[in-house]
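Worksheet for the structure shown next.
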Amino acid sequence: MAKGKDVRVKVILECTSCVRKSVNKRSRGVSRYITQKNRHNTPSRLELRKFCPYCYKHTIHGEIKK
(Lines give C-alpha, C1' and ligand atoms only; values in the text may rest on other atoms or scores of the structure.)
Protein backbone atom coordinates (compact mmCIF):
# COMPACT_ATOMS: atom_id res chain seq x y z
CA MET A 1 0.00 0.00 0.00
CA ALA A 2 1.42 3.41 -0.96
CA LYS A 3 1.69 5.96 1.85
CA GLY A 4 1.78 9.22 -0.09
CA LYS A 5 2.82 12.27 1.93
CA ASP A 6 3.80 11.41 5.49
CA VAL A 7 2.36 13.51 8.29
CA ARG A 8 5.46 13.13 10.49
CA VAL A 9 8.67 14.21 8.77
CA LYS A 10 12.32 14.17 9.90
CA VAL A 11 13.89 17.61 10.31
CA ILE A 12 17.43 18.77 11.07
CA LEU A 13 17.95 21.42 13.76
CA GLU A 14 21.14 23.50 13.57
CA CYS A 15 22.62 25.86 16.18
CA THR A 16 22.02 29.45 15.13
CA SER A 17 24.90 30.94 17.12
CA CYS A 18 27.49 28.47 15.72
CA VAL A 19 26.38 29.28 12.18
CA ARG A 20 26.99 32.98 12.79
CA LYS A 21 30.35 32.30 14.45
CA SER A 22 31.56 30.02 11.63
CA VAL A 23 31.76 33.08 9.39
CA ASN A 24 34.32 34.55 11.82
CA LYS A 25 36.06 31.13 12.27
CA ARG A 26 35.71 31.25 16.09
CA SER A 27 33.74 28.01 16.44
CA ARG A 28 35.13 24.48 16.06
CA GLY A 29 31.99 23.14 14.41
CA VAL A 30 28.22 23.30 14.06
CA SER A 31 25.83 21.47 16.39
CA ARG A 32 22.99 19.56 14.68
CA TYR A 33 20.11 17.47 15.99
CA ILE A 34 17.68 15.23 14.08
CA THR A 35 14.06 15.12 15.25
CA GLN A 36 10.53 14.71 13.89
CA LYS A 37 7.64 17.12 13.57
CA ASN A 38 4.00 16.84 12.60
CA ARG A 39 3.54 18.66 9.31
CA HIS A 40 -0.14 19.46 9.99
CA ASN A 41 0.31 20.85 13.52
CA THR A 42 3.56 22.74 12.82
CA PRO A 43 3.66 23.98 9.21
CA SER A 44 6.24 26.71 10.00
CA ARG A 45 9.91 26.13 10.75
CA LEU A 46 10.68 24.55 14.10
CA GLU A 47 12.93 26.26 16.70
CA LEU A 48 13.95 24.57 19.97
CA ARG A 49 16.37 25.35 22.79
CA LYS A 50 18.97 22.57 22.81
CA PHE A 51 22.46 22.14 24.28
CA CYS A 52 25.29 23.03 21.91
CA PRO A 53 28.54 21.19 22.76
CA TYR A 54 30.58 23.75 20.78
CA CYS A 55 29.15 26.83 22.55
CA TYR A 56 28.94 25.00 25.93
CA LYS A 57 25.44 26.40 26.59
CA HIS A 58 21.78 26.05 25.61
CA THR A 59 21.05 27.92 22.38
CA ILE A 60 18.28 28.20 19.81
CA HIS A 61 18.44 25.46 17.18
CA GLY A 62 16.44 26.20 14.02
CA GLU A 63 15.19 23.93 11.28
CA ILE A 64 17.26 23.81 8.08
CA LYS A 65 16.59 22.43 4.63
CA LYS A 66 17.89 18.96 3.78
Side-chain angles (χ1 to χ4, degrees):
M1 201 186 306
K3 283 189 178 181
K5 284 197 169 187
D6 293 329
V7 175
R8 296 201 69 78
V9 292
K10 289 185 181 177
V11 294
I12 301 172
L13 303 175
E14 186 175 79
C15 180
T16 54
S17 62
C18 285
V19 171
R20 281 187 255 134
K21 286 182 184 175
S22 67
V23 174
N24 300 333
K25 305 293 183 199
R26 281 188 242 156
S27 181
R28 297 187 323 240
V30 177
S31 172
R32 290 190 174 154
Y33 286 93
I34 297 175
T35 187
Q36 293 181 345
K37 77 171 186 177
N38 189 321
R39 195 184 313 209
H40 295 302
N41 293 342
T42 316
S44 60
R45 289 190 181 257
L46 190 63
E47 286 188 344
L48 296 174
R49 260 179 74 100
K50 304 286 271 179
F51 181 77
C52 177
Y54 301 107
C55 299
Y56 298 109
K57 58 185 176 182
H58 284 82
T59 58
I60 300 289
H61 284 65
E63 181 181 337
I64 61 169
K65 270 191 170 180
K66 289 184 183 177

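To the nearest 0.5 Å, atoms OG1 (Thr42) and NE2 (His40) are separated by 11.0 Å.
Residues meeting the side chain to side chain donor-acceptor pair (under 3.5 Å) test with Thr59, sequence neighbours left out: none. Judged as a side chain to side chain donor-acceptor pair (under 3.5 Å), and not counting sequence neighbours, the contacts of Arg32 are Glu14.
The shortest side-chain heavy-atom distance between Cys52 and Ser17 does not fall under the 4.5 Å cut-off.
Tracing side-chain contacts under 4.5 Å through hydrophobic residues (I, L, V, M, F, W, Y), one reaches Leu48 starting from Phe51; they form part of the same cluster. Under the 4.5 Å side-chain heavy-atom criterion for ILVMFWY residues, no single connected hydrophobic cluster contains both Ile60 and Ile64.
Closest heavy-atom contact between Cys15 and His61: N-CD2, 3.4 Å. Between Pro53 and Tyr56, the shortest heavy-atom contact is O-CE2, 3.4 Å. Across every non-hydrogen atom of Asp6 and Val9, the tightest pair is O-CG1, 4.0 Å.
The residue from Arg8, Arg45, Glu63 that alone fulfils the side chain to side chain contact (heavy atoms under 4.5 Å, CB included) condition with Lys37 is Glu63.
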